[in-house]
Amino acid sequence: MSELPKGYEPTDVEKSWYQAWLKAKCFEADPESEKPPYSIVIPPPNVTGILHLGHVLNNAIQDILARRARQKGFEVLWLPGTDHAGIATQTKVERQLRDEEGKTRRDIGREAFLEKVWDWKEKHGGIIIQQLKRLGCSCDWERERFTMDEEYSKWVSSVFSDLFKEGLIYRGKRMVNWCPVSLTALSDEEVIPKKQNSKLYYMKYELVETPGKFLEVATTRPETLMGDVAVAVNPKDARYGKYVGQMVKRPFPHAEIPVVADDHVDPEFGTGALKITPAHDKADFEIGLRHDLEIINVFHADATVNCAEVPELDGLDRFAARKKSAEMLDEMGLLIRVEEHENNVGFSERADVPIEPRISMQWFLKYPASEEAARAVAEGEISYRPARWAKTHGSWMDGIQDWCVSRQLWWGHRIPVWYRKEKVEELKAAESLTLANLSAGDLHVSADPPADPENWVQDPDVLDTWFSSWLWPFATMQNLDEESDLVKKFYPTTDLVTGPDIIFFWVARMIMAGYRFKGKLPFKNVFFTSIIRDLQGRKMSKSLGNSPDPIDLMDQYGADGLRFGLMRTAPIGADLRFDESQVEEGRNFANKIYNACRFRRMAGSDSRADFKAASSENLRPYHLDILAKCDDLAANQEKAYAEYRFNEIGQQLYDFLWSEFCDKFLEAVKGDLRTEASEAQRATTLGVFDAVMARYLQYLHPYMPHLTEELSLRMGYVSEGEFVMEKELPEEGLLTGVNTSDIETGQEQASAVYEAAAKLRNLKAEYRLAARKDVRFIAKTGPAWLQEEASTLALLSSSQEVTHEENYLPEQGTPGVVTPVGEIFMPLDGLIDLEAEKTRLNKEIEKIEKEVSKSKGKLSNEKFVANAKAEVVEAERARLSEWEGKLSQVQEMRKNLT
RNA sequence: GCAGGAUUAGCUCAGUUGGUAGAGCGACUCGUUUACACCGAGUAUGUCGGCGGUUCGAGUCCGUCAUCCUGUACCA
């Protein structure tokens, strides 16, 4: 074993440990194992995705849980994989096709296009996986899955076919959310409402029977006017009752349309009259149904105007058409005024353009097992953390709507439905290919294609990506129609770690699918991570360029530094504002631990010192103290893990190592390691160091896996070929068997010395003697054991010596301080600026007087004394007398100065 | 509109049965004594968003207002 280099350089260390873990198959789950199971399935990132900080946080948490579970003796399966991400991936490849070849997907055809997507997937699909490995994720890569794997796809088709046979999947012409850029229908969840500053156009329709008289309406969408088929008013609205049943003139294209009465209309809004365009608005569509109105579609699929009768508008984009329509109305004298108006507009999640309500033929799913799923979360059978998300989940389940599962895309799972060829031609022309029009013999719905494919045509649509993801917890573990050891051992999974933004998309749906298809809920706990924002509180996004590249951060600070920094500050249940200095802290922390070990190596024997060999009688207070605190740490970690308080776990690890172990313990025992110390002293201290550090590295391992492996090996805490990650946490405390009262005494003495040392340092600093090492301290009072610890106290206060002299008579004006080890004086030997000292003391007196009067006030409050707990009152009394003592002492010093 | 969350030191955040306000970063002052300047020692900084209530006592419980998030429902 060689000496350690001066600074910790994570890059190579992390790389080589990851390789070592892989080589030793540390991440592989064994379904045959006798150990109890622990499992997580990864929320599959988009196959073409690039790692961002959200992924880092999410996967760091999963890795921490997985590694901790291994240490606790579980057989762990962390099952990784990627999602084909229909729209996102298809859009990327289409863009590439356009940029490189100037072609659209239709130019090259479905088959050729899909080939291109698969090529892209092969080329870029591994990037995010490599990045997760860089982060140190201990996934079972042998079991990596992809939502479009052959076996996985069988599950998707089979589930579709089952649900169809159950009558839960149907096809129909409905008003759906249409994305005019992606040219596909979307589910309600993929529509993001955004507040928009729109305009409200007030316009008028002339009444047919009384020319010159008009009915005024208000609309935000004058460009749909060509599709108007009625004007609706509220039946209770006295102003308009007389017009119901009359006709009004639609200006372009010219037509006469009726005035109808409908409860939906709000008399308070606008003019109280609403123009009805059933083809382009969900509410209008329903009103249209109630009044049996015609449906006139005036847009193409890409939301350009499709209306040959109005050539001024025909072919225009919807927003251009909006402006133009308003102008045309104005010219005709039909536009009254335009008001600013804030409204909500639904945007397409992927393309970020307003969605267009559109009537089209789509496949829908009535959710299976929705009641059972809702109950499981409401009653806590699945626990949500933070718990409040359960409520969000519940309210979505309450208003659950059928799921539009068909997408007019090419990249995805093809809908497993075939139509008999001859039927298709006739029905397609009429756009009336409804199931009602097909007899059972004309339709083939199955996971397997028909035996005579030449006579059939498959439905051209693919399924929503989430229609495959919702099967993820079990479809990754088991092939269809095949018993698997994996699913027996590891399903249901233990924890799911994901973002609250996909509760509806994914979590809620997985619960229903798990219940329906495996008869068991898919997981026990769901942990929702923070959403990461920048320092201005904005969401991380590519377009804002405010999203730091985690790979850069890892290059700079190490994967362990990134993980630790992020985890230590990530709040539970609130957003996280990302600050790079947090990551820097993580790196500094790694370096601190590394250097503590380096110190140990320089101080003594190369091999691990055996702590048990040293009898506990040799243990000094500092030894007992750090051993006890290490045992406390273990208990506190246990508690914090039980509640998934990851920031607290990190903070505990940080405080223990930095404040307790380095700042106190190591400083206190440095004397034991000097050359003049006895061999026994040295051996004991090294033994305690190794015992504590070896354990500490195990506790830290889930947060900083690479560093802990590196140091454990270098320090001889594990032997070559052994891994910290595979070592179970010991159940016995370090101090098991040691007399409890000995421990208590030791800890009391240690903390008394630490506290006294701090006071002495303060005293030096107050007199601007912080850097002086020739300062001598004299303790006038103190416990019997002070003599033994005086040299340590001197060491900790970087003074020349601390002596214990009962008979010491301080000269007038000698500063002193009351410490837990007695009253200690600091003879000045006359090198202090008198005036500065006076000012300082005056200030001090003022401060103390304030505290004294505050405390007195409290104690003279009868109700306080009567009602407060005895120990609280006692503590207050002690505080008061302490302040009073100090006050008289300082006053004395002040007097002596003059 | 409704629901949930947040508001604590200049910044990022802790503060779990109500009982002397904490950490890290940053600022300032000292310091390179062989673990670490990715360090050590020290100092300063808080009407705990505002107002009201319960209580002997409130950052903590209740009410209310304000600001900011996040969902969700909608009126065109």
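Naming: A, B, ... by sequence-line order, numbering from 1 per chain.
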Which part of the nucleic acid, if any, lies within reach of [X] when heavy atoms closer than 4.0 Å are counted: base, sugar-phosphate only, or nothing?
X        : value
A:Cys597 : nothing
A:Asp501 : nothing
A:Val265 : base
A:Phe661 : nothing
A:Gln651 : sugar-phosphate

Under a 3.5 Å cut-off for both distances, is [N] Watson-Crick or wobble paired, and to whom?
N     : answer
B:A3  : B:U70
B:G42 : B:C28
B:U64 : B:G50
B:A21 : none

Under 4.0 angstrom between [X] side-chain N/O and [N] OP1 or OP2:
X        : N     : result
A:Asn861 : B:G57 : no
A:Arg645 : B:G15 : yes
A:Lys670 : B:U33 : no
A:Arg761 : B:G42 : yes
A:His264 : B:C75 : yes
A:Arg577 : B:U12 : yes
A:Trp658 : B:G40 : yes
A:Asn762 : B:U43 : yes

Could you tell me the separation between the [atom1] atom of [X] and the [atom2] atom of [N], rounded to a whole number of Å?
X        : N     : atom1 : atom2 : value
A:Met602 : B:A35 : CE    : P     : 6 Å
A:Tyr594 : B:C39 : OH    : P     : 15 Å
A:Glu648 : B:A23 : CD    : P     : 16 Å
A:Leu711 : B:C36 : CG    : C1'   : 13 Å
A:Lys759 : B:A41 : NZ    : C1'   : 17 Å
A:Lys391 : B:C2  : NZ    : P     : 14 Å
A:Glu584 : B:C11 : CD    : C1'   : 14 Å
A:His280 : B:A76 : NE2   : P     : 17 Å

Using 4.0 Å as the upper bound for N to carboxylate O, is an ion pair formed by [Y] and [X]?
X        : Y        : result
A:Arg250 : A:Asp228 : no
A:Arg358 : A:Glu356 : no
A:Lys199 : A:Glu342 : no
A:Arg714 : A:Glu710 : yes

Fill in: Plane angle bin for A:Tyr384 and A:Phe528 - parallel if under 30°, tilted between 30 and 60°, otherwise perpendicular
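It falls in the perpendicular class, over 60°.
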Practice prompt. Anything under 30° is parallel, anything over 60° is perpendicular, the rest tilted; go ahead and classify A:Phe564 against A:Tyr654.
Written response: parallel
If you check every side-chain atom of [X], which of [options] has the closest atom?
X        : options             : result
A:Asp579 : B:C25, B:U12, B:G40 : B:U12
A:Asp575 : B:C38, B:C69, B:G24 : B:C69
A:Asn591 : B:U43, B:C56, B:C36 : B:C36
A:Asn588 : B:C56, B:C38, B:G4  : B:C38
A:Asp266 : B:C69, B:A76, B:C56 : B:A76

Discussion item. Could you walk me through whether A:Glu643 and A:Lys639 satisfy the salt bridge (Lys or Arg N to Asp or Glu O under 4.0 Å) test, starting with their C-alpha distance in whole Å, then the side-chain angles of each, then the deciding distance to 0.1 Å, before giving a yes or no?
Written reply: CA-CA 7 Å; A:Glu643 294 172 33; A:Lys639 268 187 242 164; over 6 Å; no
Discussion item. Should the side chain of A:Lys592 and the base of B:C36 be counted as holding a donor-acceptor pair, with the cut-off at 3.5 Å?
Written reply: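 Indeed there is one.
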Worksheet entry | First of A:Gly7 and A:Ala868 reached from the 5' end of RNA chain B, by closest nucleotide |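 Its nearest nucleotide being more 5', the pick is A:Ala868.
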